[in-house]
J.: 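This is the structure I want to talk about, given as structure tokens.
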Amino acid sequence: MDYDAQEIETRWQKAWADSKSFEAEVDHSREKFYCLEMFPYPSGHMHMGHVRNYSIGDAMARFHRLMGRNVLYPMGYDSFGMPAENAAKKEGGHPHHVTHRNISSIREDQERMGYSYDWRRFLATSDVDYYKWNQEIFLTLNESGLVERRTAPVNWCIDCDTVLANEQVKNNRCWRCGLEVVQRDMSQWFLRMTDYSDELLDELDNISFPENVKAMQRNWIGRSHGAHIDFKVNGSESVIGAFTTRPDTIFGVTFLTLSPEHELCEELCAGTEWEGAWRDLLDECTRMSEFERINMLKEKKGVFLGRYAINPLSGEEVPIYAGNFVVASYGTGAVMAVPGHDQRDFDFASRYGLEIRRVLIASPGDDPEAELSSAFDGYGPMVNSAMDDFDGLSGDHAKTAVIQELEKNGAGHGSVQYRLKDWLLSRQRFWGTPIPMIHCESCGIVPVPSEDLPVELPLDVKFTEDQKGNPLESHDFFVNTICPECGDPATRETDTMDTFYDSSWYFMRFCDAGNDQSPFDREAVDYWMEGGVDLYIGGIEHAVMHLLYARFFTKATRDHLMNEVGEPFGRLVCQGMLNAPAPFCIDCNTEYHVDHFEADCPSCGSPLSSRSAKMSKSLGNTVSPEEMISKYGADTVRLFILFGANPEAGMDWSDSALEGNHRQMFAIIEAFQSVQSMDESPSEIDEWLMARIRSNQSTWKEAMMDVSLREGVMISHFEMISDWNWYRRRGGANRSTANDFLRAWIPMLAPATPHIAEEFWNIMGNEALLAEHVVEATETRSGDTHVLAKERYLRNVISSARNLRSMAEKHSEGGISRVVIQTSAQWKSDLARESLRLDSEGFDFKKDGQSHVQSLPIFQNEAMRGEIFQTWMALTVGSKKKRGRIHTWPEGDISLIGSELNEAEVLSSNSDFLAEALDVKHVSVYSVGEGEDVAGKARVAFPLEPGIAFL
RNA sequence: GCAGAGGUACCCGAGUUGGUCAAAGGGGCCGGACUUAAGCUCCGGUGCAUAGUGCUUCGCAGGUUCAAAUCCUGCCCUCUGCACCA
């Protein structure tokens, strides 16, 4: 068969589409499987990262269909966002057109790969029939009190001309363009995600996310338990609230530190000699980017504010400082400083000559007055407490006692702090969902009534290169409206929503994508989303943002009774990076663009080596999927991707491995073709092949269920073929066995290489499509291990004979022409069976083994005693390195021995095959004693390990 | 610094409820068969030693055990995330 991948693949893609093979509907009588990939931003063409993502998903979707599940496998596009807007500016078009052009292009690429999506459920978030539901849900969230408008300093990217969420700022740089972020005060829309902080955190324990993702989310939410403590300012009405996780160190407070931005700073030092220094510090801190600030913070700096605060428990007065290391946005922006037990405070106190006091000791009995050379930040018994009844308490007991005392005095309380912030939703951009709110001079801010939705983005906007700001602001028709409450002229909100909003519920929309009455129907969502999306596949880069927002959203809509589940994703798989070689300078630890291959390092001049690096445009080490598909076909690319590494593991692109996989496709075809020439000629090996099929199928299913695709593919695309080849070498040529083999094998090929599988299926004469086929459940049979073990016995004999042969050659003068195989003496096999029987009865070989063997009748033969004893030991005890055989024989070998397998008969009935495999003219087989003891090999012969002599 | 994941033969990569592990599978390389010829396909080999049960290997160093790639301790290194977060 010629392998014209292009022809075969496009033909079957059309057939699948024509027969609507992948269209799924709610069906309560069937088990569902919701397989989803993180939908892409349509940036033109599909790249290899996409190919990997979707090849994993498609394999799993196809596998679960084969297993008879009702599979929902949709695809859509996360199509709002800045790149389209920027592209529109560049070409003077509209982002809507740019987006749709890109969508058709990437969709074409996806279709060419043969992914089995239910395309009826297609959605693009920038289409009004999607984003109108964004607005509808926004009104719902507003009703639930989860929407808030407040002025806040926001992260602003000048280049992108937009606001950024905290998550979108990395190292004080915009995640998208890399420019440094500045702070700006603005009136903004927020979603109160922090209302769900605890649930978002606690539920992590119950969901099947990879550990690193859980760790990142826990980090991000950053819950810490402690106490809020109020320090009165001496001679003032003001109170400084400080959060601490270590209330047990309250008596070690020797000063307070405020962040320079803290509102009390000015009040405390205004008009005093201290004011100037504080202003300098404040200027220095605000002027610097956060990034510089962190670097600078290696040096702790602070100024005295001229006032004192009162420790609410001890009544002690402590100085108040402003310090550059205190973060304004965390907690209250004020820290109770305990230099004895916090390293930062210790450094600060050392520098400014403040008291360092020990109030904890490491373990009971330590000297409470021992000097501290660095902060002790562990837990231990309290000492030197300024109040009675505290000394000696440690850890949680100490914390609780202090908190209780604070509460008694009305000076504080137990408190929980989170790092998680509310979700800043507003973006001052055009290409996003308009926030459905109206500003009215008399009524204030009024939500757009649900019946007036959608608020549509105008299509008649001209985008130009030098445009500034948000074009919506200058679009009169969009901006000017009427207040729904008073009817007076009013203006629309021109902010649009962060695009993460769009992707926070699209998985629910997919369950009911055609619904034009509501975002989704509850019945459909409850069916498909039960237990969450069964398999969600995507990149690790969404670990905190998208995955956290989506979890929040699902809980919020759940609480609005729109859906049952609270956790959207049952099992999450984060696919590993796709790497390819890039030039690398060892000295500079830097990767360069592939143009620099064979060249010297541009910065230090030393010769560049090569290193595997994440495929990226900037390094130019990308591979075009289209090119690979046109060269090798989609099946080869899919096979390479899936066999190259397990989904979670990183993987290196390799041209030679890809070619290897292409060759494997030919091997698969070759194997398939060889099946065609079979007659009715049953033989013993048929039984073996059938047993192999059953065993392969069961391990394959297990691997696939577990998303261990590499292992699955190894069985379906490699093991099955080598078994088939072995079958043929062993003389297998039976048509009905071959048919059984194909019926089992071809479906196994479908998840990774669906086109060739469908082609085979068709050639076999099946009327129905393989894509719609459900495999019948098969189970391994009780006799299988025995059958398999028998064949493995033969293979093992061949393999050890081969090893011996190469050595025998060195000792033979005239070359080797025959082999004599002596199988184990009967008494050895009897002994083996005896010891296995004893072992199963719990016999103590160490204690009673020796006397037992001596009591055997065979032991009467004095000449044999030595060998008997040796055999017995090898069977039951073993040597230093090798344990007794009865303990190491696999189940199948035990079965062979138990069934009194006639080894000599097995081998001699296969003597022609042995002769061929060992490349000798003549093979003689007999059990020890029934023929001449050639070369003294009788002694070596052991059950399942015959003595072999080459002559 | 904290947290998570890792370090397996030339390369990639399985194996980590201790024994069936000199360690699957693939790539590469070597040899053989087939073929007009192969860059196709098939078969064999690929730590060292050796007419077979031997030696040395799974980041390094110790330990537990009759027995360790697998368990424990310490150390080194790589990747990822967080970070003067109170």
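Chain letters run A, B, ... following the sequence lines, proteins first, then strands; residues in each count from 1.
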J.: Can you see if the side chain of Arg419(A) gets near the phosphate of A83(B) - specifically, an N or O under 4.0 Å from OP1 or OP2?
T.: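 For A83(B), OP1/OP2 do have a side-chain N/O of Arg419(A) under 4.0 Å.
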J.: Can you identify which nucleotide, out of G19(B), G52(B), G27(B), has its nearest atom closest to the Ser656(A) side chain?
T.: G27(B)
J.: Give the rounded distance in Å between these two atoms: CZ of Arg728(A) and P of A33(B).
T.: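 Atom CZ in Arg728(A) sits about 20 Å away from atom P in A33(B).
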J.: Would you classify Pro247(A) as touching base, sugar-phosphate or nothing, given that sugar-phosphate means primed atoms plus P, OP1 and OP2, and contacts are heavy atoms under 4.0 Å?
T.: nothing
J.: Side chain of Arg710(A) only, please: which of G13(B), U20(B), A86(B) is the nearest?
T.: G13(B)
J.: Between C85(B), A51(B), G81(B), which nucleotide gets closest to the side-chain atoms of Tyr330(A)?
T.: C85(B)
J.: Quick one: is Arg729(A) getting a side-chain N or O under 4.0 Å of the G44(B) phosphate, OP1 or OP2?
T.: yes
J.: Please pick, from G4(B), G26(B), C43(B), the nucleotide with the shortest atom-to-atom distance to any side-chain atom of Asn212(A).
T.: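 My answer, after comparing the listed nucleotides, is G4(B).
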J.: When you get a sec, tell me which of G81(B), G52(B), G44(B) is the closest nucleotide to the side chain of Ser800(A)?
T.: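 The closest nucleotide is G52(B).
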J.: For A51(B), which nucleotide in any strand shown is its Watson-Crick or wobble partner with both distances under 3.5 Å?
T.: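 Looking at the geometry, A51(B) pairs with no nucleotide.
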J.: Report the residue (Asn803(A) or Lys937(A)) whose heavy-atom-nearest nucleotide on RNA chain B is the more 5′ of the two.
T.: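 Closer to the 5' end of RNA chain B: Asn803(A).
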J.: Report which part of the nucleic acid Phe718(A) touches: base, sugar-phosphate, or nothing (heavy-atom distance under 4.0 Å, all strands).
T.: sugar-phosphate
J.: Using atom C1' in both nucleotides, what's the gap between A61(B) and A86(B) to the nearest angstrom?
T.: 40 Å
J.: Could you check whether Thr194(A) and Asp422(A), counting side-chain N and O atoms only, form a donor-acceptor pair closer than 3.5 Å?
T.: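 Yes - a donor-acceptor pair under 3.5 Å links their side chains.
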J.: Identify, between Glu945(A) and Met714(A), the residue whose nearest nucleotide on RNA chain B lies closer to the 5' end.
T.: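 By nearest-heavy-atom nucleotide position, the 5'-most residue is Met714(A).
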J.: Any side-chain heavy atom of Val416(A) within less than 4.5 Å of one from Arg223(A)?
T.: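 They are in contact (side-chain heavy atoms under 4.5 Å apart), so the answer is yes.
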J.: When you measure from the side chain of Asn725(A), which nucleotide among G44(B), U53(B), C42(B) comes out closest?
T.: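 My answer, after comparing the listed nucleotides, is C42(B).
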J.: What is the distance, rounded to the nearest whole Å, between atom CG of Asn219(A) and atom P of U80(B)?
T.: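 For the pair Asn219(A) CG and U80(B) P, the rounded distance is 16 Å.
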J.: Compare the minimum distances between each of G19(B), C82(B), A86(B) and the side chain of Val326(A), then state the nucleotide with the smallest one.
T.: A86(B)
J.: In the strands shown, is G81(B) matched to any nucleotide by a Watson-Crick or G-U wobble pair with both distances under 3.5 Å, and which?
T.: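 Answer to the pairing question: C2(B), which forms a Watson-Crick or G-U pair with G81(B).
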J.: So what does Ile948(A) hit on the nucleic acid, given a heavy-atom distance under 4.0 Å: a base, only sugar-phosphate, or nothing?
T.: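 Contact class for Ile948(A): base.
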J.: Starting at CZ of Phe942(A) and ending at P of A51(B), how long is that distance when rounded to a whole Å?
T.: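 That distance rounds to 23 Å.
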J.: Does the cation-pi check pass for Arg357(A) over Phe251(A), that is, NZ or CZ under 6.0 Å from the six-membered ring centre and within 45° of its axis?
T.: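 No, Arg357(A) and Phe251(A) do not form such a contact.
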J.: Mind running ring pair (Phe, Tyr, Trp, His ring centres under 6.0 Å) on His228(A) and Phe243(A) for me, showing each step along the way?
T.: CA-CA 5 Å; His228(A) 178 98; Phe243(A) 174 74; 8.0 Å; no
J.: When rounded to the nearest Å, what value does the distance between C1' atoms of G54(B) and G7(B) take?
T.: 30 Å
J.: Taking the six-membered ring for Trp and the full ring for Phe, Tyr or His, determine whether the centres of Phe348(A) and Phe255(A) are under 6.0 Å apart.
T.: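 That pair passes the under 6.0 Å test.
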J.: For nucleotides U8(B) and G15(B), find the distance between their C1' atoms and express it as a whole number of Å.
T.: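 Nearest-Å result for U8(B) against G15(B) at atom C1': 9 Å.
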J.: Does the side chain to side chain contact (heavy atoms under 4.5 Å, CB included) test come out yes or no for His717(A) and Phe643(A), once each step is laid out?
T.: CA-CA 9 Å; His717(A) 289 67; Phe643(A) 185 60; over 6 Å; no
J.: Tell me which nucleotide among G26(B), A51(B), A86(B) gets nearest to the side chain of Leu804(A).
T.: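 Closest nucleotide to the Leu804(A) side chain: A51(B).
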J.: Are His413(A) and Leu406(A) side-chain neighbours, meaning at least one heavy-atom pair lies under 4.5 Å?
T.: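 Of all side-chain heavy-atom pairs linking Leu406(A) with His413(A), none is under 4.5 Å.
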J.: With both distances under 3.5 Å as the test, what is the Watson-Crick or G-U wobble partner of U46(B)?
T.: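 Per the H-bond distance test, G28(B).
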J.: Tell which nucleotide pairs with U41(B), taking only Watson-Crick or G-U wobble pairs whose two distances are both under 3.5 angstrom.
T.: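 Across any shown strand, U41(B) pairs with A33(B).
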J.: Verify the contact: side-chain N or O of Arg663(A) to OP1 or OP2 of G28(B), cut-off strictly under 4.0 Å; return yes or no.
T.: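 So the side chain of Arg663(A) is within the cut-off, an N or O lying under 4.0 Å from OP1 or OP2 of G28(B).
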J.: Base, sugar-phosphate or nothing for Ala667(A)? Non-hydrogen atoms, less than 4.0 Å.
T.: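 Ala667(A): backbone/sugar contact only, no base atoms under 4.0 Å.
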J.: Is the gap between the ring centers of Tyr727(A) and Trp724(A) under 6.0 Å?
T.: yes
J.: So if I take every side-chain heavy atom of Thr888(A) and compare against G19(B), A3(B), A86(B), which nucleotide ends up nearest?
T.: G19(B)
J.: Rounding to an integer number of Å, can you tell me how far Arg795(A) CZ sits from C43(B) P?
T.: 10 Å
J.: What does C71(B) pair with, Watson-Crick or G-U, if both distances are under 3.5 Å?
T.: G63(B)
J.: Report the distance from atom CG of Asp706(A) to atom C1' of A14(B), rounded to the nearest whole Å.
T.: 14 Å
J.: To the nearest Å, give me how far apart CG (Asn579(A)) and C1' (U78(B)) are.
T.: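 Rounding to the nearest Å, CG of Asn579(A) and C1' of U78(B) are 14 Å apart.
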J.: Mind checking if Arg218(A) touches a base, just sugar-phosphate, or nothing, with heavy atoms under 4.0 Å?
T.: nothing
J.: Regarding Gly226(A), tell me which of base, sugar-phosphate or nothing describes its non-hydrogen contacts under 4.0 Å with the strands shown.
T.: nothing
J.: Rounding to a whole Å, what distance do you find between Asp919(A):CG and G31(B):P?
T.: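 From Asp919(A) CG to G31(B) P: 18 Å.
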J.: Provide the distance between the two C1' atoms, one in U70(B) and one in A23(B), to the nearest whole Å.
T.: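 Per the computed distance, 12 Å lies between those C1' atoms.
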J.: Starting at CD1 of Ile715(A) and ending at P of A14(B), how long is that distance when rounded to a whole Å?
T.: 15 Å
J.: When you get a sec, tell me which of U41(B), G52(B), C43(B) is the closest nucleotide to the side chain of Phe666(A)?
T.: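 Comparing U41(B), G52(B), C43(B) against the side chain of Phe666(A), the answer is U41(B).
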J.: How far does the C1' atom of A14(B) sit from the matching atom of G6(B), given to the nearest Å?
T.: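 Pairwise C1' distance, A14(B) against G6(B), rounds to 15 Å.
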